[in-house]
Student: 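To start, I am sharing the structure in question, which I have written as structure tokens.
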Amino acid sequence: MSELSPAKKQTDTVSTASSHTLLEGRLGYQLETALLVRALTHRSFAYENGGLPTNERLEFLGDSVLGLVVTDTLYRIHPDLPEGQLAKLRAAVVNSRALAEVGRGLQLGSFIRLGRGEEGTGGRDKASILADTLEAVIGAVYLDQGLDAASELVHRLFDPLIEKSSNLGAGLDWKTSLQELTAAEALGVPEYLVTESGPDHEKTFTAAARVGGVSYGTGTGRSKKEAEQQAAESAWRSIRASADAREAAAKSGAGEPAAAGAPLGDGDGAAEAVDAAPADVASASEAAPADPASTDPASAEAPTS
């Protein structure tokens, strides 16, 4: 590899400084240069450049700071929620997909120092890389500016997500919600069949949510987890709609509700089976003798003497 000329090195340095200033403007904090550079250094770049320090330690620290601030906020604004529900709310905010979306809002991908391999496979928009880098940046703000500044940054970036998560209901975790629903409906435990397609750097995953051997929903995504969540959402909505329809039919007196485990799409057959029952009873009634006494052995005519 040819050595860079002094002029080229100076241009790269100015360009890097300019990009850091732009990122700091979006963050609202001016950070120590070396600390910010480390926060933006992915391991692929470090390994290709002689084993430079990576952002992984800062990521570890930032993950804890983010978790603390979000957990503290949820604890305070939801004083009556049990621990399990608070955990679901936190998981809806602190996860790779949510962090990646926040990172994209900052255009964080354009600032990351990536190796050639990751650069060539779309690494600047990978959810895992964006999420890890954002946590590293939060860790850098904490080290350079303190907890109050880091907390303010987390609130500015994540309060909209915290507010949104409070209104998600079952959508906090579709897989958990589906499992709870299928247990309540006595359908069994959900399973997911996942297939993948496309090149390694641009794979698409497709998942089918099956319960008791019946497919209730499908989903696609850039990751297996995302596809399974979408499939679980589709299945949850389908099973919930079927259950609601049965309840509405029962309340309106339209007939007995269908069995809880009936697969979607078999509702008509179930309704016919229910409707047939009263007719069979009526037929049996018509075939019975009109005079109950005629079947009583005690009422039989005595033999003549």
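Counting from 1, the numbers follow the sequence of the chain as shown. Values in this document were obtained by computation on a predicted structure and should not be read as measured data.
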Student: Working to the nearest 0.5 angstrom, can you tell me the gap between T41 OG1 and N49 CG?
Tutor: 9.0 Å
Student: Would L193 end up clustered with I239 when hydrophobic side chains under 4.5 Å apart are linked, directly or stepwise?
Tutor: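 No; tracing contacts between hydrophobic side chains, which count when under 4.5 Å, never links both residues.
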Student: Rounded to the nearest 0.5 Å, what separates atom CG in L40 from atom OG in S110?
Tutor: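 The CG atom of L40 sits 9.5 Å away from the OG atom of S110.
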Student: Search all heavy atoms of E48 against all heavy atoms of G117 and return the closest pair with its distance.
Tutor: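 Of all heavy-atom pairs spanning E48 and G117, the closest is OE2-N, 3.5 Å.
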Student: So, are E101 and K164 salt-bridged, with charged N and O less than 4.0 Å apart?
Tutor: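 Here E101 does not pair with K164 in a salt bridge, since their nearest N and O are not under 4.0 Å apart.
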Student: Would you say CD of E163 has more than 12 non-hydrogen atoms from neighbouring residues, nucleotides or ligands within 6.0 angstrom?
Tutor: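 Count not over threshold, so no.
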Student: May I have all residue pairs that pass ring-ring contact (aromatic ring centres under 6.0 Å, His included) and include part of residues 21-74, sequence neighbours excluded?
Tutor: none
Student: Is the shortest side-chain N to carboxylate O distance from E185 to R246 below 4.0 Å?
Tutor: yes
Student: Main chain of L31, side chain of E24: is a donor-acceptor contact present, judged purely on distance under 3.5 Å?
Tutor: yes
Student: Whether the side chain of E135 engages the backbone of G62 through a donor-acceptor N/O pair (distance < 3.5 Å, no angle test) should be reported.
Tutor: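 No, because the side chain of E135 does not come within donor-acceptor range (under 3.5 Å) of the backbone of G62.
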Student: Could you point out which residue of R43, R124, K126 forms a side-chain hydrogen bond (donor to acceptor under 3.5 Å, both in side chains) with E118?
Tutor: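 The residue from R43, R124, K126 that satisfies side-chain hydrogen bond (donor to acceptor under 3.5 Å, both in side chains) with E118 turns out to be K126.
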Student: How about I162 and L89: do any of their side-chain heavy atoms sit closer than 4.5 Å?
Tutor: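 No - every pair of side-chain heavy atoms lies 4.5 Å or more apart.
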Student: For S234 and G217, indicate whether the former's side chain and the latter's backbone hold a donor-acceptor pair under 3.5 Å.
Tutor: no
Student: Looking at Y192 and A232, what are the two nearest heavy atoms and their distance?
Tutor: OH-CB, 3.4 Å
Student: If you group Ile, Leu, Val, Met, Phe, Trp and Tyr by side-chain heavy-atom gaps below 4.5 Å, do I129 and L52 land in one group?
Tutor: no
Student: In terms of heavy-atom contacts, does NZ of K224 have more than 12 from other residues, nucleotides or ligands at under 6.0 Å?
Tutor: no
Student: As an exercise, state the distance from CG of L178 to CD of E233, rounded to the nearest 0.5 Å.
Tutor: 11.0 Å
Student: Do we see a donor-acceptor contact under 3.5 Å between the side chains of Q107 and R26?
Tutor: yes
Student: If you measure from CD on E228 to OG1 on T220, what distance do you get to the nearest 0.5 Å?
Tutor: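 Answer for the CD-OG1 pair, E228 versus T220, is 13.0 Å.
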Student: Side-chain contact, heavy-atom cut-off 4.5 Å: L66 with L99?
Tutor: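 In contact.
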Student: Less than 4.5 Å apart, any side-chain heavy atom of W174 and any of R237?
Tutor: yes
Student: Are K225 and R97 side-chain neighbours, meaning at least one heavy-atom pair lies under 4.5 Å?
Tutor: no
Student: Any side-chain heavy atom of L134 within less than 4.5 Å of one from L130?
Tutor: no
Student: Quick check: closest heavy atoms across I138 and A150, and the distance to 0.1 Å?
Tutor: O-CB, 4.4 Å
Student: State, to 0.1 Å, how close A231 and A209 come at their nearest heavy-atom pair, and which atoms those are.
Tutor: O-CB, 3.8 Å
Student: Show the numbers, then the answer: is there a side-chain contact (heavy atoms from CB on, under 4.5 Å) between Y142 and L153?
Tutor: CA-CA 10 Å; Y142 168 76; L153 176 63; over 6 Å; no
Student: Check this for me, if you would: do R116 and E119 make a salt bridge, where the nitrogen-to-carboxylate-oxygen distance has to be below 4.0 angstrom?
Tutor: no
Student: Check K251 with E247, please: is the shortest side-chain N to carboxylate O separation under 4.0 Å?
Tutor: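 No.
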Student: Check V137, V141, L143 against L58 for a side-chain contact (heavy atoms from CB on, under 4.5 Å) and give me the one that passes.
Tutor: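 That would be L143.
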Student: Any chance you could measure S223, atom OG, to F205, atom CZ, to the nearest 0.5 Å?
Tutor: 7.0 Å
Student: Between the main-chain N or O of L147 and the side-chain N or O of S151, is there a donor-acceptor pair closer than 3.5 Å?
Tutor: no
Student: Is it true that, when you exclude D148 itself, more than 12 heavy atoms of the residues, nucleotides or ligands shown sit nearer than 6.0 Å to its CG?
Tutor: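 No, the 6.0 Å shell around CG holds no more than 12 heavy atoms from other groups.
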Student: Mind checking the OG1-CD1 spacing from T133 to I112? Nearest 0.5 Å is all I need.
Tutor: 3.5 Å
Student: Nearest heavy-atom pair of L35 and A140: which atoms, and what distance?
Tutor: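 Closest approach of L35 to A140, heavy atoms only: CD2-O, 3.4 Å.
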Student: Do L86 and L68 sit in the same hydrophobic cluster, where Ile, Leu, Val, Met, Phe, Trp and Tyr count as joined when their side-chain heavy atoms come under 4.5 Å apart?
Tutor: no
Student: What's the shortest heavy-atom distance between A39 and A136, and which atoms?
Tutor: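 Looking at all heavy atoms of both residues, the closest pair is O-CB, 3.5 Å.
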